[in-house]
Amino acid sequence: MWEQWLDRLADMGTPEPRYTAQRCLRERQAIGGCDLCAQACPHEAVILGPLGNAVTIDPDLCTGCGLCVQTCPSGALEYDLSGPLGSVREQRSGPEATTPNSEATLTCSQSGAGGPAVTCLGRVTPALLSAAGPGRYR
């Protein structure tokens, strides 16, 4: 069963987040604007450019930690939540769940703790927890 969850999480694809220019404050304000994502990235993977290409993620430098996503005020940077969300929902409602709102876990892949893992816990966003529904998470 753990393999199914890990396979689903592996389907998340590349570690770098997807960028939506229409949401980006840097694109929308056209002068200066926001640079919080670049400031938050400890790996210098976020490259700020001119309008039309305001944010680029260098795949060679990006570790998928999610810090840029966490700090983006407009949601211009985001991860596909289907993998972690599916894992959380399956844990809470699957055959091993003790109640419909059982606890769910996601661990950092670097921790070696086992179980369903995400590249970094920075990927566990408020949007993921909200979409997963009420309950306890550990």
Minimum heavy-atom distance between [X] and [Y], given as atom pair plus value:
X: Q22; Y: R28; value: O-CD, 3.1 Å
X: A76; Y: C72; value: N-SG, 3.2 Å
X: E78; Y: T20; value: OE2-OG1, 3.9 Å
X: E27; Y: Y19; value: CG-OH, 3.2 Å
X: C62; Y: E16; value: SG-CA, 3.5 Å
X: V46; Y: V55; value: CG1-CG1, 3.9 Å

(request) Starting from the C-alpha separation in whole Å, work towards a yes-or-no answer on side chain to side chain contact (heavy atoms under 4.5 Å, CB included) for I57 and L77. (result) CA-CA 10 Å; I57 308 295; L77 292 172; 4.2 Å; yes
Distance (rounded to the nearest 0.5 Å) between [X] [atom1] and [Y] [atom2]:
X: L25; Y: D35; atom1: CG; atom2: CG; value: 11.0 Å
X: Q70; Y: C65; atom1: CD; atom2: SG; value: 9.5 Å
X: L67; Y: H43; atom1: CG; atom2: NE2; value: 7.0 Å

- Task: Step by step, work out the side chain to side chain contact (heavy atoms under 4.5 Å, CB included) result for C37 and L48.
- Result: CA-CA 9 Å; C37 56; L48 302 178; 4.3 Å; yes
